Every structure is written in structure tokens, then in C-alpha cells.
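Some notes on the structure that comes next.
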Amino acid sequence: MGLFQKKVSILYNIELGPVYYRLGLAFPELARVVKPGQFVMIRPSHASITLLRRPFSVHRLVVEEDKTLGIELLYKVVGQGTKAMSEMKAGDDIDVLGPLGNGFPCLEQANCVFLVAGGVGVAALYYLAFHLSKYQGVTQTVFLGGSSSSDILCEKEFQSLGIKIHVSTEDASVGEAGLVTSAVEKSLEAGERPDIIYACGPQAMMKAVGVIAGAYDIPCQVSLEAEMACGFGVCLGCAVKRAADEGGYFHVCIDGPVFDFRKVKI
Ligand SMILES: Cc1cc2nc3c(=O)[nH]c(=O)nc-3n(C[C@H](O)[C@H](O)[C@H](O)COP(=O)(O)OP(=O)(O)OC[C@H]3O[C@@H](n4cnc5c(N)ncnc54)[C@H](O)[C@@H]3O)c2cc1C
Ligand code: FES
């Protein structure tokens, strides 16, 4: 599969709320090969700063009148790099490297899956949901969780795919009060039985989802985050411990970012 690196034009950079943005990038050749769960490294450059590249999941493809124009990222402003990205405008050029990483394994025999997203973790899961709907006709339930209503993203997009949605917020501003993991547990207790659970979000959330899945003997794939300097296996900065019985380390950028929960120690 091809790996591309070039300066591409920003199609749009839309603010969704105080800290979330959708960034459209004109990159059709990458869009044609990227798989759900893969990511790109973006070098934010703005005014006087140019930083190391930062990793972002591909959120969806930008398609107009059946023509694939590029990819869209969904990102949260958390520091210098994402702040610089948020200040870029349509027509600006931005350096992009990708697609990188392994992507989500899509079980051929899966009829029913759970997708569990914490906050901006939904970025990676939406493209997976789209893929599973369009190409595999899989029945899906998505669990969207966040601290508050502003952290609940992409509800309409999941609705338009006909996917059942559970929303949970810690401050009870929308959906059920509490953690997204409680909603997952309730559904399993009620007898729902997905063939696989995919999770992306804060590490503690993914760990909790993995443990719950294990208790029901359901395979669970988690998309891990790590600070990354290169994105392709050279700097060794993104190490994550393998599960105790295996020992050693994986590197999130080349062995992941998606892992079988049982294989990693998080
Ligand atoms: C494979 C992968 C996919 C990702 N996909 C998305 C996505 O789709 N949307 C999105 O908003 N974010 C995503 N992230 C996280 C994103 O890369 C970081 O938020 C970004 O690099 C922060 O850059 P910054 O310069 O703004 O923050 P910095 O100034 O570098 O750091 C600000 C704070 O964020 C923490 N941080 C920085 N990088 C990461 C990281 N990679 N993981 C966890 N914490 C970090 C730092 O420890 C610090 O506390 C992804 C990360 C990985 C590894
Ligand atoms: S980010 Fe450099 S090895 Fe993974």
C-alpha cells in the first residue's frame, strides 16, 4: 500500500464548538487507499512556529458528487500544535504523511458490533462505522461518552447511517448520566451480544471497556494513543507494554494504533 507525504491544500477548517474542529484536506490519492483506524501525521505550521508532526485518525472521506476529494480529520485543541491547526484557513497548505498504522480488523463473520467512543475518540470510529455499514451491512450500536454535551460529537452522522446510539455524559447535560462504560455494561447485562467491541478514547476508558469485554468473552480492539515523533517506527517514542505473558513492547505507530486488548498492558 502506498505511503504519501506532501503539502496539501486545506479544503475547510470548521469550528464545531470551543475546542473541536473538522479539517478537510485535498488528498484524493491518500483517500483512495486509507483504511478505517489508520492515521496521518500532520505538521502544523503557522506564523512563526513549525512543530514536529502530530498524529490524527482519518475521520471520513470527503466526497462530492461521487468524486473523492480527500480526507477529513476531527480534532480537539489541546496544545500548541492543535492550536496552530485551528488557526489555519481554507486554501492554506499543510504537510501530511500517511496513511500510517494498521487500522481496525473488520471481522468478516461479524453481524453485530459495539463501537465505544470517549470524546474525540469518535474520530477513528466514525469511518469504521461507515465502512461496516456500507460494505459489510453489520448491525452496530455506538456508545458516545464525554464529560459534557459539548464532547458528544457525530450523533447526526451515526443517525444517518441508521446506527443505534447511546449517549452518556458525566455531568448529565445530555443522555444518560455517568460513564460510557456503564452504558456498555448495561447493554451486555440486558443480553445484547456483539461479536466484537471496538473502542477509542481516553486510556482509562479503553481499559475499562477491555475488562468488561473480557468478562463477557467478547473480543475487543482498542485504538491507542501515544505521543509520536515520527509515526513510522524510527524514534521508538510510542512504546506500549505487551501483555505480561508476552513481555517486551509494541510500538503504537507500526504495530497499532489498533490492538487486541488482551495483547497490550494499558
Ligand atoms: C494514532 C493517533 C490518532 C489520533 N487521532 C486523533 C484525532 O483523530 N483527533 C484528535 O483530536 N486527536 C487525535 N490524537 C491525539 C493528537 O495526536 C494529540 O492531541 C496532538 O498530537 C496534540 O498535539 P498538541 O501540539 O496540540 O499538544 P501538545 O502541546 O503536544 O500536548 C498537549 C497535551 O496533550 C498531550 N498529548 C500530546 N500528544 C498526545 C497523544 N498523541 N496522545 C495523548 N495525549 C497527547 C500532552 O501530553 C499534553 O498533555 C491521536 C493520537 C494518536 C497517537
Ligand atoms: S512514533 Fe516514532 S517509533 Fe512510533
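Values below: every heavy atom of this structure, side chains too, minus hydrogens, waters and symmetry copies. Note that this is a predicted model, so its numbers are computed, not measured. Numbers for residues simply follow the sequence, beginning at 1.
Residue Phe4 comes nearest to Glu29 through the heavy atom pair CE1-O, 3.6 Å, listed as atom of the first residue, atom of the second, then distance. Shortest non-hydrogen contact noted between Val40 and Leu73 is CG2-CD2, 3.9 Å. Taking each heavy atom of Arg242 and Gly247 in turn, the nearest pair found is CD-O, 2.7 Å. Of all the heavy atoms in Thr82 and Lys76, the pair that sits closest is CG2-O, 3.4 Å. When every heavy atom of Lys89 is checked against every heavy atom of Glu87, the shortest pair comes out as NZ-O, 3.3 Å. For Leu115 against Ala129, the heavy-atom pair with the smallest separation is CD1-CB, 3.5 Å.
Placement of Val264 and Val211 within a single hydrophobic cluster is found when ILVMFWY residues are connected by side-chain heavy-atom separations under 4.5 Å, directly or transitively. Linking ILVMFWY side-chain heavy atoms closer than 4.5 Å, directly or via other members, places Val8 and Met88 in a single hydrophobic cluster. Leu52 and Val78 fall into different hydrophobic clusters, where Ile, Leu, Val, Met, Phe, Trp and Tyr side chains are chained together by heavy-atom contacts under 4.5 Å. If you chain together hydrophobic residues whose side chains sit under 4.5 Å apart, Phe130 and Val63 fall into the same group. Note: the hydrophobic cluster containing Leu16 also contains Phe158 (ILVMFWY, side chain heavy atoms under 4.5 Å, direct or indirect links).
In this model, a donor atom of one side chain and an acceptor atom of the other lie less than 3.5 Å apart for Ser148 and Ser173. Judged by distance alone, the side chains of Asp255 and Tyr249 never bring a donor and an acceptor atom under 3.5 Å apart.
Within the 4.5 Å cutoff, the side chain of Arg22 has no heavy atoms near those of the Asn13 side chain.
Under 4.0 Å is where a charged nitrogen must lie from a carboxylate oxygen, and between Arg54 and Glu227 no such pair does.
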Worked check of side-chain contact (heavy atoms from CB on, under 4.5 Å) between His166 and Leu144: CA-CA 6 Å; His166 288 273; Leu144 302 175; over 6 Å; no
Which pairs of donor and acceptor atoms, one on a side chain in residues 194-210, lie under 3.5 Å apart (sequence neighbours left out)?
{"from": "Asp195", "atom 1": "OD2", "to": "Asn111", "atom 2": "N", "distance (Å)": "2.7"}
{"from": "Asp195", "atom 1": "OD2", "to": "Cys112", "atom 2": "N", "distance (Å)": "3.0"}
{"from": "Tyr198", "atom 1": "OH", "to": "Pro105", "atom 2": "O", "distance (Å)": "2.7"}
{"from": "Lys207", "atom 1": "NZ", "to": "Ile266", "atom 2": "O", "distance (Å)": "3.1"}

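Between His131 atom NE2 and Lys35 atom NZ the span is 9.0 Å, to the nearest 0.5 Å.
Under a cutoff of 6.0 Å and an axis angle of 45°, Lys6 and Phe27 form a cation-pi pair. By the 6.0 Å and 45° rule, Arg60 does not stack over the aromatic ring of Tyr127.
Remark: aromatic rings of Phe114 and Phe143 are close, center separation under 6.0 Å.
The environment of Glu64 atom CD is sparse: at most 12 non-hydrogen atoms of other residues, nucleotides or ligands sit within 6.0 angstrom.
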